[in-house]
Undergrad: 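Dropping the structure in here first, questions after.
Note that the structure is a prediction, hence the values are computed from the model and not measured.
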Amino acid sequence: VSPITAPADAETRLGHADTWLPEGDWFDFFSGRHYKGGKKLRLFRGIDSMPVLAKAGAIVPLTAEEEVGNGVDNPRHLELRIFAGGDNTFVLYEDNDRSGADCRAARTAITFTWGQKSCLKIAAADGDRDVIPHERRYTVQFIGFAAPSSVTAKAGDVSLDVHWTYDEERWCVTAALPPLSTAEEWQLTLLTDGILPENPIEKPCFEVIRRAHMAYDTKYFLFDQIKRRTSCAACIGEISTFAVSAELKDALIEILTADQ
């Protein structure tokens, strides 16, 4: 998480955060944009967002309950966000909201293997399963994935009905599974090309230019230059010749070079 502390720029209406990103592949948690690490970045966001980046292979559990209040009950519906590009293992710890001798807990091992045949395995819960629902629904988002040729699920040797959709803008496969016993192991398998997709360029650049305070003609010629780009390096050189703010140029450069 890289909080934005700089005021929004008057021309771009975007704030920014200067961020050192460690080596490896990273993904914007919300948009799915892919970043290459090992460098310092200036990340631009509007007032309705902030930079939150997940490392390749990250497993992030979230509640998917329709109503979330102040209760401490462990959810009957979980959302898992799985990020492409690496293998990972995670143990989900859930307890009865007590401490000391009164604490009772269950642990669920989650394993993700990345590749042309990517596989998510959810083990049977270990420990005191009375602190978690006996059945649980799962919605899984696989972010940073090319469109799969198939998505299958099974519990033991029994195939499961899985409904899945694909969002090309976020490179995201969303799979919804029926209620499953938390005492039973299950797995979800995706067949893809095993390659991280290239970031979209034109649409996010268009959104940055569209919201900027500048003359329409300047917007038109600037976006036209991006559409006609032969390479990111050449496009950056052309953008530098425009009489627009450094903030706008840097916001476009972030998009053009994120996965370079």
Side-chain angles (χ1 to χ4, degrees), residues 1-54 56 83-85 141 143-147 165-173 193 195-260:
V1 179
S2 185
I4 291 177
T5 57
D9 175 66
E11 183 173 86
T12 65
R13 296 191 289 173
L14 299 172
H16 73 262
D18 291 326
T19 305
W20 169 256
L21 199 57
E23 290 284 350
D25 293 293
W26 300 79
F27 296 88
D28 184 283
F29 190 80
F30 305 107
S31 71
R33 182 181 297 160
H34 173 215
Y35 291 85
K36 282 287 188 182
K39 59 187 177 183
K40 186 176 181 180
L41 300 172
R42 176 161 286 188
L43 302 174
F44 290 84
R45 299 293 186 272
I47 195 170
D48 57 346
S49 185
M50 67 182 296
V52 179
L53 304 184
F83 293 85
Q141 290 194 358
I143 299 171
F145 287 73
T165 58
Y166 185 67
D167 180 353
E168 188 172 347
E169 289 187 11
R170 297 174 60 221
W171 307 109
C172 177
V173 182
D193 58 12
I195 299 172
L196 297 178
E198 293 184 1
N199 285 331
I201 297 294
E202 292 184 12
K203 185 171 183 178
C205 283
F206 175 82
E207 287 302 316
V208 168
I209 294 169
R210 181 190 63 81
R211 70 185 294 160
H213 285 297
M214 65 173 67
Y216 176 81
D217 286 351
T218 304
K219 291 185 178 185
Y220 175 84
F221 289 115
L222 185 56
F223 185 60
D224 185 62
Q225 188 62 57
I226 291 169
K227 289 194 297 182
R228 293 189 296 108
R229 69 190 183 281
T230 56
S231 69
C232 287
C235 187
I236 291 170
E238 293 295 335
I239 288 172
S240 68
T241 66
F242 280 77
V244 296
S245 71
E247 289 283 298
L248 179 57
K249 294 175 184 177
D250 285 347
L252 296 173
I253 290 170
E254 177 200 346
I255 297 168
L256 289 163
T257 64
D259 57 1
Q260 302 297 308

Undergrad: Determine whether a donor-acceptor pair (N or O, by modelled atom type, separation under 3.5 Å) exists between the side chain of Ser49 and the backbone of Gly46.
TA: no

Undergrad: Return yes when atom CZ of Phe30 has more than 12 non-hydrogen atoms of other residues, nucleotides or ligands closer than 6.0 Å, and no otherwise.
TA: yes

Undergrad: Which residues pass the side chain to side chain donor-acceptor pair (under 3.5 Å) test with Glu238, not counting sequence neighbours?
TA: none

Undergrad: Quickly, which of Leu41, Leu21, Asp259 forms a side-chain contact (heavy atoms from CB on, under 4.5 Å) with Trp26? Name it, please.
TA: Leu21

Undergrad: When rounded to the nearest 0.5 angstrom, what is the spacing between CG in Leu53 and CG in Asp25?
TA: 12.0 Å

Undergrad: Between Glu11 and Ser245, do the side chains contain a donor N or O and an acceptor N or O under 3.5 Å apart?
TA: yes

Undergrad: Determine the minimum heavy-atom distance between Pro3 and Ala17, stating which atoms define it.
TA: O-CB, 3.6 Å

Undergrad: Grab the two heavy atoms, one from Phe145 and one from Ala84, that are nearest each other, plus how far apart they are.
TA: CE1-CB, 3.5 Å

Undergrad: Quick one: list whatever passes salt bridge (charged side-chain N to carboxylate O under 4.0 Å, His left out) with Asp9, sequence neighbours left out.
TA: none

Undergrad: Under 3.5 Å, side chain of Asn199 to main-chain N/O of His34, donor-acceptor pair present?
TA: yes

Undergrad: May I ask you to check whether Phe29 and Phe83 place their ring centres under 6.0 Å from each other?
TA: yes

Undergrad: Quick one: pull up CD in Glu198 and CD in Gln260 and give me the separation to the nearest 0.5 Å.
TA: 8.0 Å

Undergrad: Got a second to check how far Cys235's SG is from Leu256's CG, nearest 0.5 Å?
TA: 5.0 Å

Undergrad: Hey, what's the ring geometry for Tyr166 with Trp171, parallel, tilted or perpendicular (30° and 60° as the breaks)?
TA: tilted

Undergrad: Is any side-chain N of the basic residue among Asp18 and Arg42 closer than 4.0 Å to the acidic one's carboxylate O?
TA: yes

Undergrad: State which residues pass side chain to side chain donor-acceptor pair (under 3.5 Å) with Glu207; sequence neighbours excluded, sorted by chain then number.
TA: Arg210

